[in-house]
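One structure is given here, and the rest of the page talks about it.
In this chain, numbering begins with 1 at the start of the sequence shown. Just so it is clear, the values below take in all heavy atoms, side chains as well, and ignore hydrogens, waters and symmetry mates.
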Amino acid sequence: MTIVYAILIFCFLIFVHELGHFIVAKACGVKVNEFAIGMGPAIYKKQKGETLYAIRILPIGGYCAMEGEDEDSDEPGAFNNKPAWQRACVLAAGSFMNLLTCVVLLIVIAFCVGQTTTTIDQVAKDSPALRAGIESGDKIIAVDGEAIDKWDDLIQSVGYSKEETAEITVLRDGKEVTLTAQLEYDKDAGRNMIGITPVMQRNPVRAVGDGIKNTGRMTVMMYDTLRQLFTGDVSVSELSGPVGIVYATNQAAKSGVLYVVYLAALLSLNLAIINMLPFPALDGGRLLFLVIRLFTGKRVSDETEGKIHFIGICLLFALMIYVTFNDVLRFIIPIF
């Protein structure tokens, strides 16, 4: 089932990406010759209007083939005859859809998991909180006299306190009660812990906010990883390809459905960011040539651009082979 999950995730993300190109291309009046999911021979195809819709046998990609995308065309609906801003929108639409998919998936996760409150759900046995007299159902309203409005405030106040104890004020049966809890440092967590867990509530509005914020955090993390790749702080050998994705999917599936959804969100954002890099053959590389042509006119011919993109594709395939080889060494060979 792991391979099935991995294929479904990969096909879904490619479909979303190419759908972005397709929707914006149609909106801009660009002629789309074929919209395909998968590569190789078609196992299903249907012509509808000017576009051939196809599902192909190999689930390793997909494409939205537009008239005049890689060659000159005299047709009015050709991609190369559209204004620069429309071509830019079409090129960026795939990554935008992957970004949007990541946001939606993280919102779903945030809603399913719920949002923390300052009301206590459980108090661990033999914990500082239990010894201090804190009970399930208590609502924490202050720590050392400082008001607590959300669980993150509590983590900051208690988790990183330099003191040995904390004065915790709770609301119990409508009355304020102040209790003294010993702070115990947890090496695994890297902060103080007192042994309490919060009541979780499902709030659609907060879930939307959390989904957007988590996408932002994930984006910063990915750009930081790319920076480390360029500076040499992270080795290319640590990158993962299809084999690594299958392995990660297997690990996520063992943990539950939400972990698989989180992995899909992570991969979707990764696809969005990588595709917008200014590298030949990627959408970002095509956008770069679009900008170059705005300033140079036709001095960069379609043939020259096509050759550069072809070199880019070859380099990307070489990188994929290298990454896959490393994945086999890391994940497959140790099993045997």
Side-chain angles (χ1 to χ4, degrees), residues 6 8-25 37 60-64 87-110 208 210-249 252 259-292 308-309 312-313 315-320 322-324 326-327:
L8 288 175
I9 290 173
F10 192 70
C11 288
F12 171 69
L13 297 182
I14 293 298
F15 170 74
V16 166
H17 184 89
E18 296 303 329
L19 183 64
H21 290 311
F22 177 80
I23 291 173
V24 178
I37 299 300
I60 56 173
Y63 53 88
C64 174
R87 283 179 281 158
C89 288
V90 172
L91 291 172
S95 290
F96 175 77
M97 283 292 283
N98 282 126
L99 174 63
L100 184 61
T101 299
C102 176
V103 173
V104 171
L105 292 178
L106 291 182
I107 289 173
V108 170
I109 292 173
V208 170
D210 287 348
I212 294 172
K213 284 190 292 185
N214 290 336
T215 300
R217 294 192 188 105
M218 197 183 286
T219 301
V220 171
M221 178 188 71
M222 287 188 179
Y223 273 112
D224 188 55
T225 301
L226 286 173
R227 179 189 61 78
Q228 292 178 34
L229 278 171
F230 283 111
T231 59
D233 294 332
V234 172
S235 172
V236 177
S237 62
E238 295 182 42
L239 296 175
S240 284
V243 175
I245 291 173
V246 171
Y247 178 82
T249 303
Y259 287 89
V260 176
V261 176
Y262 183 82
L263 176 63
L266 183 66
L267 292 174
S268 189
L269 184 60
N270 184 73
L271 189 59
I273 291 173
I274 295 300
N275 256 287
M276 291 308 291
L277 293 178
F279 188 84
L282 298 177
D283 293 333
R286 293 179 181 276
L287 278 169
L288 178 61
F289 271 97
L290 190 61
V291 173
I292 291 173
I308 293 173
H309 287 316
I313 290 173
L315 292 174
L316 288 174
F317 270 115
L319 177 62
M320 183 176 290
Y322 172 75
V323 167
T324 301
N326 280 333
D327 281 349

Taking it one step at a time, do Val16 and Leu100 satisfy side chain to side chain contact (heavy atoms under 4.5 Å, CB included)?
CA-CA 10 Å; Val16 166; Leu100 184 61; over 6 Å; no
Minimum heavy-atom separation for [X] and [Y], please, with both atom names.
X: Ile37; Y: Phe15; result: CD1-CA, 3.5 Å
X: Ala92; Y: Leu287; result: CB-CD1, 4.5 Å
X: Ala93; Y: Gly20; result: CB-O, 3.2 Å
X: Phe279; Y: Gly312; result: CE2-O, 3.7 Å

Decide yes or no on side chain to side chain contact (heavy atoms under 4.5 Å, CB included) for Ile308 and Phe289, but give the supporting numbers first.
CA-CA 10 Å; Ile308 293 173; Phe289 271 97; 3.5 Å; yes
Restricting to pairs with a member in residues 214-224, which pass salt bridge (Lys or Arg N to Asp or Glu O under 4.0 Å), not counting sequence neighbours?
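Non-adjacent pairs meeting salt bridge (Lys or Arg N to Asp or Glu O under 4.0 Å): Asp224-Arg227.
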With sequence neighbours left out, what residues match Tyr259 under side chain to side chain contact (heavy atoms under 4.5 Å, CB included)?
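Side chain to side chain contact (heavy atoms under 4.5 Å, CB included) list for Tyr259, sorted by chain: Ala252, Ser255.
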Which residues share a side chain to side chain contact (heavy atoms under 4.5 Å, CB included) with Ile313, sequence neighbours left out:
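Once residues adjacent in sequence are excluded, the partners of Ile313 under the side chain to side chain contact (heavy atoms under 4.5 Å, CB included) criterion are Ala281, Phe317.
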Under the rule for side-chain hydrogen bond (donor to acceptor under 3.5 Å, both in side chains), what residues qualify as partners of Arg286, not counting sequence neighbours?
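Expected list: Asp70.
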Which residues share a side-chain hydrogen bond (donor to acceptor under 3.5 Å, both in side chains) with Ser95, sequence neighbours left out:
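If we apply the side-chain hydrogen bond (donor to acceptor under 3.5 Å, both in side chains) test to Ser95, skipping adjacent residues, there are no hits.
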Roughly how far apart are [X] [atom1] and [Y] [atom2], rounded to 0.5 Å?
X: Cys102; Y: Leu13; atom1: SG; atom2: CG; value: 10.0 Å
X: His17; Y: Leu99; atom1: NE2; atom2: CG; value: 12.5 Å
X: Leu282; Y: Leu288; atom1: CG; atom2: CG; value: 11.0 Å
X: Leu19; Y: Ile14; atom1: CG; atom2: CD1; value: 12.5 Å
X: Met97; Y: His21; atom1: CE; atom2: NE2; value: 10.5 Å
X: Leu277; Y: Leu226; atom1: CG; atom2: CG; value: 6.0 Å

Sequence neighbours excluded and cut-off under 3.5 Å, please list the side-chain donor-acceptor pairs for residues 260-276, or say none.
residue	atom	partner	partner atom	Å
Ser268	OG	Asn98	O	2.7
Ser268	OG	Asn98	ND2	3.4
Asn275	ND2	Leu271	O	3.2

With a 4.5 Å limit on heavy-atom distance, are the side chains of Asp210 and Lys213 in contact?
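Yes; the side chains approach each other to less than 4.5 Å.
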Test Val103 against Ile107 for side chain to side chain contact (heavy atoms under 4.5 Å, CB included), laying out the working first.
CA-CA 6 Å; Val103 173; Ile107 289 173; 3.8 Å; yes
